[in-house]
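So the structure is just underneath, and the comments pick up after that.
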Amino acid sequence: QVQLVESGGGLVQAGGSLRLSCAASGRIFSVNAMGWYRQAPGKQREMVAIFNRGGGTAYADSVKGRFTISRDNGKNTVYLQMNSLKPEDTAVYYCMYAFASWGQGTQVTVSS
């Protein structure tokens, strides 16, 4: 069983930055996909940035050039550096592992 714990969310003004962390425990294999999704009120959950099974990365068009996903395999931790934040980035951000396990989510609120 895999457990994912997110941290780093909060309230920030537009143009600001936040760094999210996701610490994974359990049977973790770096070959599996891992990354970040988000869900805003009244909207469907959407992919933000992930490491795919091939080891590459994928980003939503809306965050390209502003967000960066990184990982520390030794710590089983994935990060999401979010810069130039916009009010439309406001959402609950979820960590995902192997498209099967999800964290509890961390709230990111960007004020205008």
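Taking CG of Leu4 as the reference point, atom OG of Ser101 lies at 6.0 Å (rounded to 0.5 Å). Rounded to the nearest 0.5 angstrom, Thr57 OG1 and Ile50 CD1 are separated by 9.0 Å. For the atom pair Phe67 CZ and Leu18 CG, the distance stands at 9.0 Å (nearest 0.5 Å). In this structure, Ser25 OG and Lys75 NZ are separated by 15.5 Å, a value rounded to the nearest 0.5 Å. Rounding to the nearest 0.5 Å gives a distance of 10.5 Å between OG of Ser30 and CZ of Arg53. Distance check, rounded to the nearest 0.5 Å: CG of Leu85 to CZ of Arg66 gives 6.5 Å.
Listed for the Thr90 side chain is a donor-acceptor partner under 3.5 Å among the backbone atoms of Val110. A donor-acceptor pair under 3.5 Å links the side-chain atoms of Tyr97 to the main chain of Phe29, judged by distance alone. Side-chain N or O atoms of Tyr59 include one that pairs as donor or acceptor with a backbone N or O of Ile69 at under 3.5 Å.
One hydrophobic cluster, built from ILVMFWY side chains closer than 4.5 Å, cannot hold both Val12 and Val92; they sit in different ones. When hydrophobic clusters are built by joining Ile, Leu, Val, Met, Phe, Trp and Tyr residues whose side-chain heavy atoms come closer than 4.5 Å, directly or via intermediates, Leu11 is not grouped with Met82. Residues Tyr79 and Met96 are members of separate hydrophobic clusters, defined by side-chain heavy-atom contacts under 4.5 angstrom among Ile, Leu, Val, Met, Phe, Trp and Tyr.
Of all non-hydrogen atoms in Ala33 and Phe99, the two that sit nearest each other are CB-CE1, 3.4 Å. Residues Tyr94 and Gly103 come closest through the heavy atom pair CD2-O, 3.6 Å. Closest heavy-atom contact between Pro87 and Ser112: CG-CB, 3.9 Å. For the pair Cys95 and Met34, the tightest heavy-atom approach, listed with the atom from each and the gap, is SG-CE, 4.0 Å.
Side-chain contacts under 4.5 Å among hydrophobic residues (ILVMFWY), followed directly or transitively, place Val5 with no other residue at all.
Partner of Val63 under the side chain to side chain contact (heavy atoms under 4.5 Å, CB included) criterion, chosen from Leu80, Thr68, Val48, Asn83: Val48. Between Tyr93 and the options Gln107, Gln39, Arg38, a side chain to side chain donor-acceptor pair (under 3.5 Å) holds for only Arg38.
Between Asp89 and Lys86 there is no salt bridge, since none of the side-chain N atoms of the basic residue sits less than 4.0 Å from a carboxylate O of the acidic one.
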### Message
Is there a side-chain contact (heavy atoms from CB on, under 4.5 Å) between Trp102 and Arg45? Walk through the geometry before answering.
### Response
CA-CA 12 Å; Trp102 297 87; Arg45 191 172 297 189; 3.2 Å; yes
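For residues 4-31, no residue pair satisfies the salt bridge (Lys or Arg N to Asp or Glu O under 4.0 Å) rule, not counting sequence neighbours.
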